[in-house]
Asker: 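This is the structure I want to talk about, given as structure tokens.
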2 protein chains.
Amino acid sequence: MKQNGSDNKLISGRLETAGVIPTAQRIAIYRYLLCEANHPTAEEIKTWADKNFPKLSLATVYNTLNVLIEANLLKEVKVPHEAKILYDSNISYHHHFLDEDSGELVDIPSELVEVTSTLAKEFQVHDIQVLMRGKRQKTRTQH
Amino acid sequence: MKQNGSDNKLISGRLETAGVIPTAQRIAIYRYLLCEANHPTAEEIKTWADKNFPKLSLATVYNTLNVLIEANLLKEVKVPHEAKILYDSNISYHHHFLDEDSGELVDIPSELVEVTSTLAKEFQVHDIQVLMRGKRQKTRTQH
DNA sequence: TTTTAATAATAGAATAATTCTAAAATTAGA
DNA sequence: TCTAATTTTAGAATTATTCTATTATTAAAA
């Protein structure tokens, strides 16, 4: 799903709907987040931009990420023993699996994880996030 | 449960069992983590040390935390939108509730949260951590 | 005990991710 | 076009954490 310009309108519309002025930089970064990247760091976004959107500054990467978060189009994910923030453009309710070998973070649909809690009613839970850590078995080749 | 010296032996023994040489600084920090603090940051530990263990340096705080983590006596917790690492001296399997008002992180016993996942068998899960976010209702005063 | 070797603690410098600042560029509306 | 508001930018500042080199402490050996 490489950038082809055809979904510019769609991306732009989503930004506007969320109250974000759709500048060229924001559209580019948001499309990268939605269509090409998988939980990238700010650094990865900058590296991508250096190839695909010259002159886009690191400050703009951070500004845009924070604008998207503020507009509820993006979420931060912090992972233990990983210094950099990961960004998640999937804003629907879901969970994560962290591959201990590759460091890759994989989205897990909420349907695959059932969480039942019996906390004291004092605790009003608004959000639950489940982070599973482990290894991903290499899928065996068919003969 | 203020420090009284009586559990020095116990703390010291736990460190030794874990293969950590029990120096005065390590015992002090580990006791603070176990008995007084609740998911402190390195900064909070340093502030406590400035009052209770003069001359203990910030470098030693970080060194000790990393030694404890390496020895499996301590775990890191990273929370979204919180820059600093929180440290958790409860190493048994449990979950967390983050109070959105106070920022306080509360341990939730694993018995109170049931997690049932049906991931593809490709995913070998070694650890699950559940972070619940929400507000804590003020408990109503009895008349 | 002394001696020696290994380990830990320390102050301060270095690193690195993110945020801030102030100026220039762009945009949107009048 | 003019004006005001917003965004982008480069580079400086901030801040949590780690590193470095030295000194202090500990543990074991003689």
Side-chain angles (χ1 to χ4, degrees), chain A residues 8 11-13 15-16 18-30 32-33 39-50 52-71 73-87 103, chain B residues 8 11-13 15-16 18-33 39-50 52-71 73-88 103:
Chain A
N8 256 7
I11 306 276
S12 181
L15 290 170
E16 279 188 321
V20 175
I21 295 173
T23 65
Q25 289 89 337
R26 287 169 177 177
I27 293 168
I29 290 173
Y30 191 35
Y32 174 67
L33 283 162
H39 305 110
T41 62
E43 192 191 28
E44 285 176 74
I45 295 169
K46 181 59 165 67
T47 301
W48 168 86
D50 287 343
N52 299 77
F53 198 115
K55 298 284 179 176
L56 196 156
S57 76
L58 183 58
T60 296
V61 170
Y62 279 106
N63 287 344
T64 299
L65 290 170
N66 289 331
V67 164
L68 293 176
I69 286 169
E70 205 59 36
L73 294 174
L74 193 65
K75 284 191 173 172
E76 271 190 21
V77 182
K78 293 201 179 180
V79 166
H81 304 101
E82 160 68 65
K84 300 171 193 172
I85 298 171
L86 305 183
Y87 294 92
Chain B
N8 257 6
I11 305 277
S12 181
L15 289 170
E16 278 188 320
V20 175
I21 294 172
T23 65
Q25 289 88 339
R26 286 168 179 180
I27 293 168
I29 290 172
Y30 191 35
R31 180 172 49 206
Y32 175 65
L33 283 162
H39 305 110
T41 62
E43 192 189 29
E44 285 176 75
I45 295 169
K46 181 58 164 65
T47 300
W48 168 86
D50 287 344
N52 299 79
F53 199 114
K55 297 286 180 174
L56 196 156
S57 75
L58 183 58
T60 297
V61 171
Y62 280 105
N63 287 345
T64 299
L65 291 170
N66 289 331
V67 163
L68 294 176
I69 286 169
E70 204 59 34
L73 295 174
L74 193 64
K75 283 190 172 171
E76 271 190 22
V77 182
K78 294 202 179 178
V79 166
H81 305 99
E82 161 66 64
K84 300 171 193 172
I85 297 170
L86 306 183
Y87 294 92
D88 190 351

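None of these values were measured; they are calculated from a predicted model. Keep in mind that the numbers below use all heavy atoms, side chains included, and drop hydrogens, waters and symmetry copies. Numbered from 1 within each chain, the chains take letters A, B, ... in sequence-line order.
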Asker: Would you say T60(B) places a side-chain N or O within less than 4.0 Å of OP1 or OP2 belonging to dT10(C)?
Answerer: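 Yes, such a contact exists.
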
Asker: Nearest to the side chain of T23(B) - dT10(C), dT19(C), dA8(C)?
Answerer: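 Side chain of T23(B) sits closest to dA8(C).
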
Asker: Can you check the I21(B) CD1 to dA9(C) C1' distance for me, whole Å?
Answerer: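 Rounded to whole Å, this separation is 13 Å.
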
Asker: From dT18(D), dT8(D), dA9(C), pick the nucleotide closest to the side chain of Q25(B)?
Answerer: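 Closest of the options to the side chain of Q25(B): dA9(C).
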
Asker: Just how far, in rounded Å, is P of dT18(C) from NZ of K46(A)?
Answerer: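 Atom-to-atom, K46(A) to dT18(C), this comes out as 14 Å.
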
Asker: How close or far is atom P of dT19(C) from atom CD of E82(B), stated in whole angstroms?
Answerer: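 Roughly 13 Å, once rounded to whole Å.
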
Asker: Output the distance between atom CG (N63(A)) and atom CD (E70(A)), rounded to the nearest 0.5 Å.
Answerer: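 So the gap between those two atoms works out to 12.5 Å.
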
Asker: Measure the CZ-OG1 distance between R26(A) and T64(A) for me, rounded to the nearest 0.5 Å.
Answerer: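 R26(A) CZ to T64(A) OG1: 6.0 Å, rounded to 0.5 Å.
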
Asker: Any base atoms under 4.0 Å from N63(B), or only sugar-phosphate, or nothing? Heavy atoms, all strands.
Answerer: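 If one applies the 4.0 Å heavy-atom cut-off, N63(B) turns out to touch a base.
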
Asker: Would you give the length of the straight line joining atom OG1 of T41(B) to atom CG of L86(B), rounded to the nearest 0.5 angstrom?
Answerer: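 Answer rounded to 0.5 Å: 7.5 Å.
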
Asker: Of the nucleotides dT6(D), dT18(C), dT9(D), which one has an atom closest to the side chain of L58(A)?
Answerer: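 Selected nucleotide (nearest to the side chain): dT18(C).
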
Asker: Rounded to whole Å, how long is the line connecting atom CG of L56(B) with atom P of dA24(D)?
Answerer: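 Rounding to the nearest Å, CG of L56(B) and P of dA24(D) are 16 Å apart.
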
Asker: Between K78(A) and E82(B) (side chain of the first, backbone of the second, donor and acceptor by atom type, cut-off under 3.5 Å), is there such a pair?
Answerer: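 Flag set: sc K78(A) to bb E82(B) pair under 3.5 Å.
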
Asker: What is the distance from atom OH of Y87(B) to atom NZ of K75(B), rounded to the nearest 0.5 Å?
Answerer: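 If I round to the nearest 0.5 Å, the distance is 15.0 Å.
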
Asker: What's the closest nucleotide to the A83(B) side chain, out of dA11(C), dA16(D), dT9(D)?
Answerer: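 In terms of side-chain proximity for A83(B), the closest of dA11(C), dA16(D), dT9(D) is dA16(D).
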
Asker: From CZ of R26(B) over to P of dT25(D), roughly how many Å is that when rounded to an integer?
Answerer: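 After rounding, the gap between these two atoms is 15 Å.
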
Asker: Roughly how many Å is it from NE2 in H81(B) to C1' in dT19(C), rounded to a whole number?
Answerer: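 The answer, rounded to whole Å, is 14 Å.
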
Asker: Please compare K84(B) and V61(A) by the position of their nearest nucleotide in DNA chain D and report the one closer to 5'.
Answerer: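 The residue whose closest nucleotide sits nearer the 5' end is V61(A).
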
Asker: When you measure from the side-chain N and O atoms of Y62(B) to the phosphate of dT17(D), is any distance below 4.0 Å, counting only OP1 and OP2?
Answerer: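 Y62(B) to dT17(D) OP1/OP2: side-chain N or O found under 4.0 Å.
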
Asker: What nucleotide, of dA10(D), dA17(C), dT18(D), holds the atom closest to the side chain of A59(A)?
Answerer: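 In terms of side-chain proximity for A59(A), the closest of dA10(D), dA17(C), dT18(D) is dA10(D).
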
Asker: Round to a whole Å and report the spacing from CG of N66(A) to C1' of dT18(C).
Answerer: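 Spelled out: CG on N66(A) to C1' on dT18(C) is 9 Å.
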
Asker: If I take atom CD1 in residue I27(A) and atom P in nucleotide dT27(C), what distance separates them, rounded to the nearest angstrom?
Answerer: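 Distance check: I27(A) CD1 to dT27(C) P gives 10 Å.
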
